Amino acid sequence: MGKKTNKKTDRETNVSTKISAEKTRTKVNGGVFIYTGAISTGELAKALNVSVGEIIKFLFLQGKMITINTVLDDELIGLICLEFGYDFQKKNIVAAENFEEVEINDDPSKLKPRPPVVTIMGHVDHGKTTLIDAIRNSNLVAGEVGGISQEIGAYQKEINGHKITFIDTPGHEAFTQMRSRGASVTDIVVLVVAADDGVMPQTVEAIDHAKSANVPIIVAINKMDKPGADPDRVKNELMQHDIIAEDFGGDVICVEISAKKKTNIDGLLETIILVSEMKELKANPDRYALGTVLEAKLDRNEGPKATLLIQNGTLKEGDFLVVGTSYGKARRMTNEFKKVLNVATPSTPVSIIGLAEVPEAGDRFMAFAEESEARSIALKRKQLKEAKEKSKTSAASLEDLFAMANAGDVQTINVIVKADSTGSAEAVKNSLEKLNNDHVKINVIRATSGAITESDVLLASASHAIIYGFNVRPDAKTRSKAAEEKVEIRLHNIIYALIEEIEAAMKGMLKKELVESVTGQAEIRKLFKVSKLGTIAGCMVTFGFIKGTNPVRVLRDGIVIFTGELAGLQREKDQVKEVREGFECGMLVKGFNDIKEGDIIEGYEMVESE
């Protein structure tokens, strides 16, 4: 009995109890009349325990004619309350499905210090991720395409007894929206500026996001180890954007560092701790958790997986969640080191599994007491979202876009974006929408994570759209459907190339160039471990042909996990140059042994565009 009472007390401030039901619309508490919406004269008289006649007489003397059924506005309610000795307060009740609109006012006695959430921002290649590496003693850069971050990452570090949560936002212009999201959840922005490069376009964008979020900025002047380093030049350039360093008479702390050489990293961390202590950051751990989705994806083995930032409350293993329009149970929580956590307190980033669907990066989430409540609220949120989405019907090719631009007609080109993560999909979508000009408008009708499917092809066919894949590939069945429906699928793994391609077409400058042509796909049916060679894939070529001399990529659930070449192609016991559809073969992928049964090996070649 006592245990049950304690559990209820631990979460007595749960926001869901405030938004799920308010059975009494009006009440008087300690001389304060609290109401939630429209109220009649009769209802107000009953709540204040005065006669209707007294209220009508009072307002009549004020020159206002009312009856017992008159619906009173806020001004009249306030006037009546003050006359009869009550203060008044209007309480806004938010529907449960709109929980992100709830205004949280925690009891100050329940607030406890929490770690600061620090966002690393700055121009591409100015050293943001290298700085995170230096702080974590990790090596994130090595795992990134071209050394550029393409997802939001969140990491927690304990320094001298103080925990700090770091968010590493991508620096390329395409990820403006992701950086904006980072600023919306952060307490402090560390603006990384290269000492030899100075203030660049994305530096200015980062400043704007930090200012709009009304959070303090600490400038990390990086690459001080380089010969051309000039910190004073950086500070002068920052002054043009109202970022004035302390030694220039302002209030912005600038710390000179070298992330690569790990110089003065401690000084930067001490500055972060100092600024966070001045902000007196606090949260209430004794409530159900709420916060924001930083990233989400579909994991082949574990299902929908989301990285959450707990902004208030405590998330416990087994809690029921509404995340965006999805619901589920926090079946397992892990930190950035894949260590399993039982609880996650404010400012903690965690990866969770147990959701029914993949949410979107930037979605808000909240934990609830009952699964039925979470399921019901998620369903309502999904219905509201679907009601807001407009159906768009207006297949196309890049050549059509080129023709539109040359014709000088104002046209709309519909695009479907599929990517390896929701963050990347959003980034591509935002980049394409920025390309609109006087002749051609880009209309992104779908931007989601996951492999390109037949459903995408059918939507493209119905809406006269081009499909753009970013780090994803369609399977043989989807390619066949696309050919049947005459839907064009354009595939890229570097965002610059994707944007430049469509921008060139919009400007009427599309020229012949080398483009990728898929020759065939083979499904891995069996694995053979050979000590001297590695793992040989026993495959069946499911369409086209595989050439031993052509480059290949390995696909898992439509997602590219490796790109390279074959070290060997074997048919029965002989090495062969080519294996065609319907035949079995053995393949050895050069430099990659992490293959699994069910993976697809895709062969391709570069040919001149028509």
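Keep in mind that what you see is a predicted model, and the values were worked out from it rather than measured.
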Here the gap from N471 atom CG to R553 atom CZ, rounded to the nearest 0.5 Å, amounts to 9.5 Å
Sorted by chain and number, sequence neighbours left out, salt bridge (charged side-chain N to carboxylate O under 4.0 Å, His left out) with D230 holds for none
Is the closest side-chain donor-acceptor distance between E357 and T325 under 3.5 Å?
no
Residues pairing under ring pair (Phe, Tyr, Trp, His ring centres under 6.0 Å) where one sits in residues 538-572, two or more places apart or in two chains, turn out to be F562-F592
- Query: Is N430 reaching over with its side chain to a backbone N or O of A427, donor-acceptor style, under 3.5 angstrom?
  - Reply: no
(request) Flag the pair I167 / I120 as yes when at least one side-chain heavy-atom distance between them is below 4.5 Å, and no otherwise. (result) no
With I352 as partner, the option from L315, T307, V293 fulfilling side chain to side chain contact (heavy atoms under 4.5 Å, CB included) is L315
For T478 and D475, test the side chains for any donor-to-acceptor distance below 3.5 angstrom and give the result as yes or no. yes
Exercise. Is the backbone of E584 close enough, under 3.5 Å, to the side chain of R571 for a donor and an acceptor to pair up by distance?
Worked result: yes
When every non-hydrogen atom of A344 is compared with those of V350, the smallest separation belongs to CB-CG1, 3.6 Å
Q. Do the non-hydrogen side-chain atoms of L569 and V579 ever get within less than 4.5 Å of each other?
A. yes
Residue set satisfying side chain to side chain donor-acceptor pair (under 3.5 Å) with R580, at least two apart, ordered chain then number -> E578
**Study point:** Any donor-acceptor pair under 3.5 Å from Q570 side chain to E572 backbone
**Key:** yes
- Are E302 and K297 within salt-bridge range, i.e. N to O under 4.0 Å? no
Polar side-chain atom of R473 near backbone of I559 as donor-acceptor pair, under 3.5 Å:
no
Check: Would you find a donor on one side and an acceptor on the other, under 3.5 Å apart, between the side chain of K305 and the backbone of V358?
Finding: no
Side-chain donor-acceptor contact under 3.5 Å, N414 with N443 | yes
Using the rule given for salt bridge (charged side-chain N to carboxylate O under 4.0 Å, His left out), can you reason through K226 versus D196, listing the C-alpha separation, both sets of side-chain angles and the distance that settles it, and then say yes or no? CA-CA 7 Å; K226 288 204 167 184; D196 63 333; 3.7 Å; yes
Q. So F583 and V541, side chain to side chain contact (heavy atoms under 4.5 Å, CB included) or not? Walk me through it.
A. CA-CA 6 Å; F583 289 93; V541 179; 5.6 Å; no
Checklist entry - Under the 3.5 angstrom rule, does the side chain of D299 hit a backbone N or O of G303 as a donor-acceptor pair? => result no
**OP:** Could you tell me whether K157 atom NZ has more than 12 heavy atoms of other residues or ligands within 6.0 Å of it?
**Re:** yes
#### Entry: Donor-acceptor contact below 3.5 Å, side chain D599 vs main chain I595
no
With a cut-off of 3.5 Å and sequence neighbours excluded, list every side-chain donor-acceptor pair involving residues 525-539.
unit_1, atom_1, unit_2, atom_2, d
K529, NZ, T535, OG1, 3.4

Taking every heavy atom of G198 against every heavy atom of E237, the minimum-distance pair comes out as CA-OE1, 3.3 Å
For residues R479 and V518, determine if any side-chain heavy atom of one lies less than 4.5 Å from a side-chain heavy atom of the other. yes
Value for NZ (K418) from CZ (R446), rounded to nearest 0.5 Å, stands at 6.5 Å
- Message: Any side-chain to backbone donor/acceptor pair from N222 onto A259? Under 3.5 Å, distance only.
- Response: yes
Rounded to the nearest 0.5 angstrom, the CD1-CG distance for I265 and D133 is 10.5 Å
Quick one, V560 and L555 - any side-chain contact, counting heavy atoms below 4.5 Å?
yes
With sequence neighbours left out, the residues meeting salt bridge (charged side-chain N to carboxylate O under 4.0 Å, His left out) with K481 are E484, E485
The side chain to side chain donor-acceptor pair (under 3.5 Å) partners of T453 (sequence neighbours excluded) come to D456
- Query: How about Y468 and E501: does a side-chain donor come under 3.5 Å of a side-chain acceptor?
  - Reply: yes
Are any non-hydrogen side-chain atoms of Y604 and P551 less than 4.5 angstrom apart? yes
dist T348:OG1 -> L341:CG (nearest 0.5 Å) comes out at 8.0 Å
*With a 4.5 Å heavy-atom cut-off, do V193 and V219 have their side chains touching?*
yes
| query | Is there a donor in the side chain of T263 and an acceptor in the side chain of S258, or the other way round, less than 3.5 Å apart? | reply | no
> Counting N and O atoms only, with roles assigned by atom type, does the side chain of E360 sit under 3.5 Å from a partner on the main chain of G324, one being a donor and the other an acceptor?
Replying inline: no
Would you say M587 and I546 make side-chain contact, with heavy atoms under 4.5 Å? yes
- Donor-acceptor under 3.5 Å (T186 side chain, T119 main chain): yes
Any chance the side chains of T165 and Q156 put a donor and an acceptor closer than 3.5 Å?
yes
Under a 3.5 Å threshold, yes or no: a donor from one side chain and an acceptor from the other, between D197 and H126?
yes
Here the pair of heavy atoms bringing G558 nearest to A451 is CA-CB, 3.5 Å
Beyond-backbone contact of I489 with P474, side-chain heavy atoms, under 4.5 angstrom
yes
